[in-house]
2 protein chains.
Amino acid sequence: MTIKISIDCMGGDHGPAVTIPAALAFLKREPDAELILVGQEELVRAELKKHHAGDNPRLTVRHASDVVAMDDPIEVALRRKKDSSMRVAIELVKDGSADVCVSAGNTGALMAISRYVLKTMADVDRPAICSILPNQKGGPTYMLDLGANVDCEPHHLHQFAIMGAVLFEAMEHRRPSIGLLNVGTEEIKGNEVVKATAPLLRADHERGVLNFHGNVEGNDIFKGTVDVVVCDGFVGNVTLKAIEGLSRFVKSVFLETTMSKIGALFARKSLKKLNPESYNGAGLLGLKGLVFKSHGGANAYAYEWALRRAFDAAKYNVQAQLSTLIAEMLPQAPNPEAPGSTIQQG
Amino acid sequence: MTIKISIDCMGGDHGPAVTIPAALAFLKREPDAELILVGQEELVRAELKKHHAGDNPRLTVRHASDVVAMDDPIEVALRRKKDSSMRVAIELVKDGSADVCVSAGNTGALMAISRYVLKTMADVDRPAICSILPNQKGGPTYMLDLGANVDCEPHHLHQFAIMGAVLFEAMEHRRPSIGLLNVGTEEIKGNEVVKATAPLLRADHERGVLNFHGNVEGNDIFKGTVDVVVCDGFVGNVTLKAIEGLSRFVKSVFLETTMSKIGALFARKSLKKLNPESYNGAGLLGLKGLVFKSHGGANAYAYEWALRRAFDAAKYNVQAQLSTLIAEMLPQAPNPEAPGSTIQQG
């Protein structure tokens with residue numbers, strides 16, 4: 001089965017210099033992939049030429065005149081750049097020309113444009129961003145929301161849990177355990193929102209819909225205590241960025257002296273386990289179409305991982321599974337597009 | 001000037017096996033320190049004997065019959081263990097026998113007993129826990145609150161900022177910059193509480209009371225963008241534990257193979273920069289008395305660092321500075337011990 005991916009080639013800190021070589025490498029690796037490169041045609045073609053890319057029936061270029069800058073306010077990206085590579089790439093998903101879209105652009109703009117173009121799924125109040133992190137057990141830990149929703153109600157966290165579970169099962173081919181991120185494992189712990197969320201997840205567990213483990217703490221993310229960690233977008237965003245900051249700190253320490261560089265060389269095989277690059281690619285869930293987000297600072301190797309995840313999500317039909325399962329799992333859907341959604345600011 | 005420290009010898013995962021050797025090492029290092037070892041006398045004396053500790057006029061043992069277990073509910077620790085080593089150590093601060101208390105026990109119990117015994121300072125609504133983390137600039141990043149208050153209002157975060165600033169200035173001898181932890185640096189970003197906090201800090205900045213940098217993101221904690229990072233106890237606790245989890249993951253990766261162990265050996269000098277052990281020791285701020293918290297799992301080396309920090313805080317008179325400066329900095333103090341404080345559950 002062919003999977004078509006639309007790529008926002010201009011997105012991210014490095015634009016075509018990263019997205020194009022990544023796309024070419026992925027195309028080589030994955031014979032079932034078809035790629036639509038969206039961006040300023042001249043720049044895209046120049047980069048393709050640089051990499052000696054010949055004509056390929058599985059590779060097309062789609063011109064888009066605008067570029068959403070990494071620091072563009074959401075309003076500007078949404079209202080004033082209607083022919084941005086980001087928007088066009090998403091529109092290709094909307095009109096069925098692509099199965100999934102990948103962008104390394106501004107997260108807020110990507111979520112806002114995705115919501116505007118694709119719309120939110122029936123039964124879902126708010127889309128969420130689900131990242132994948134490595135854990136000590138050697139498996140992935142899925143974590144959501146990572147920044148789309150900074151003020152959440154219990155029923156939002158409940159929906160995140162369901163969407164995360166569906167994504168995990170589709171991508172990893174087994175039923176995940178779900179943990180609610182909290183300051184302690186005891187049920188009495190937590191802030192008001194989290195305390196009110198646990199009973200919703202517990203009820204799902206009892207009716208056999210979710211495998212709810214209970215509360216988990218920050219260190220459980222890396223322990224691999226559960227497969228899917230659920231939190232609001234404020235906590236998720238801050239935690240993810242703190243983790244990234246620490247990773248960069250560790251990396252800088254290894255580059256400090258000759259001795260430490262030698263040390264890193266010796267340990268490099270083990271260190272690969274930690275490689276955040278291979279965990280690039282976060283899913284925007286709850287939209288009427290699949291969108292994946294790459295880290296803005298990703299290099300070509302990391303970006304290729306985002307393409308792989310997007311490909312897998314489309315291949316395993318995450319979108320259809322989300323539609324079916326969310327409708328089944330959620331007995332009733334409270335106010336879609338409820339007020340208090342802070343996607344415009346998050 | 002002699003500084004008297006009361007030590008909850010039974011607290012932490014390892015009790016006297018860690019606290020006693022740490023106390024003895026610290027006593028040797030710091031001629032101006034006097035230590036009161038609080039705990040089950042027989043166990044404490046046995047451990048002292050094991051380390052061949054002779055009589056020392058700067059070392060006394062104070063018997064306490066109960067022990068607060070790491071998993072004791074706060075109610076049990078507070079109401080049923082009135083002669084616990086934790087409580088007696090705090091009472092020694094209350095009655096002036098000690099300048100500061102150090103415990104590696106259960107954080108919730110320590111905060112609850114400290115509040116009960118010492119009481120909250122006038123002008124402070126809620127005490128907070130302030131940790132110290134390493135950053136890429138080679139300096140410390142102070143971060144609070146780290147778990148005492150899971151549901152916060154803007155005026156709580158405002159007070160945390162002031163308390164963190166006072167602690168930093170007393171311990172580091174320079175005026176700190178303050179950052180408000182958020183999902184982005186722009187003022188329009190964040191959840192409702194954070195958005196309402198920024199103007200309070202901005203106003204303080206304008207009247208010259210605080211050096212408010214603005215919003216910071218999770219990665220700024222390790223970048224060293226600001227000296228003091230302010231957040232609510234939910235976000236702080238989750239972030240800190242995620243950081244600890246990642247650190248443990250990295251450590252485990254280095255212990256995996258012979259090659260990675262050799263790598264760690266080569267890099268060990270640089271890796272010391274990251275050593276979380278030397279950043280052990282978090283201050284409980286906003287109480288009518290100084291209490292420091294060691295990590296529960298601390299080894300003797302790390303515990304000694306908590307003793308050092310407690311010693312410095314007492315030596316530089318943090319408590320008196322907090323009283324004076326908070327009164328000066330806060331024009332008015334809203335409802336002390338306000339409802340909504342979740343310290344009993346946090």
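Letters A, B, ... mirror the listed sequences (proteins, then strands); counts begin at 1.
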- Pairwise distance CD1(A/Ile74) to CD(B/Glu186) - rounded to 0.5 angstrom: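 A/Ile74 atom CD1 to B/Glu186 atom CD measures 9.0 Å (nearest 0.5 Å).
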- Item | Separation between CE of A/Met70 and CG of A/Asn106, rounded to the nearest 0.5 Å |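 Reported value, rounded in 0.5 Å steps: 6.5 Å.
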- Name the region of B/Val193, side chain, backbone, both or neither, that has any atom closer than 4.5 Å to a heavy atom of chain A.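 It is neither, since no heavy atom gets under 4.5 Å.
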- Message: Is B/Asp220 in contact with chain A via its backbone, its side chain, both, or neither, using a 4.5 Å heavy-atom distance?
- Response: neither
- Parallel, tilted or perpendicular: which describes the rings of A/His156 and A/Phe160, with under 30° parallel and over 60° perpendicular? parallel
Taking every non-hydrogen pair under 4.5 Å, which of [options] racks up the most with chain A?
options: B/Asp71, B/Thr239, B/Leu181; result: B/Leu181
options: B/Glu217, B/Lys241, B/Lys223, B/Glu244; result: B/Lys241
options: B/Ile221, B/Val194, B/Leu133, B/Asn182; result: B/Asn182

- Item | Basic-acidic side-chain contact under 4.0 Å: B/Glu75, B/Arg80 | no
- Message: Can you tell me which of A/Asp232, A/Ile243, A/Val238 forms the most heavy-atom pairs within a distance under 4.5 Å of chain B?
- Response: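 If we count pairs closer than 4.5 Å to chain B, A/Val238 comes out on top.
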- Task: Answer yes if the side chains of A/Asp125 and A/His155 hold a donor-acceptor pair under 3.5 Å, and no otherwise.
- Result: yes
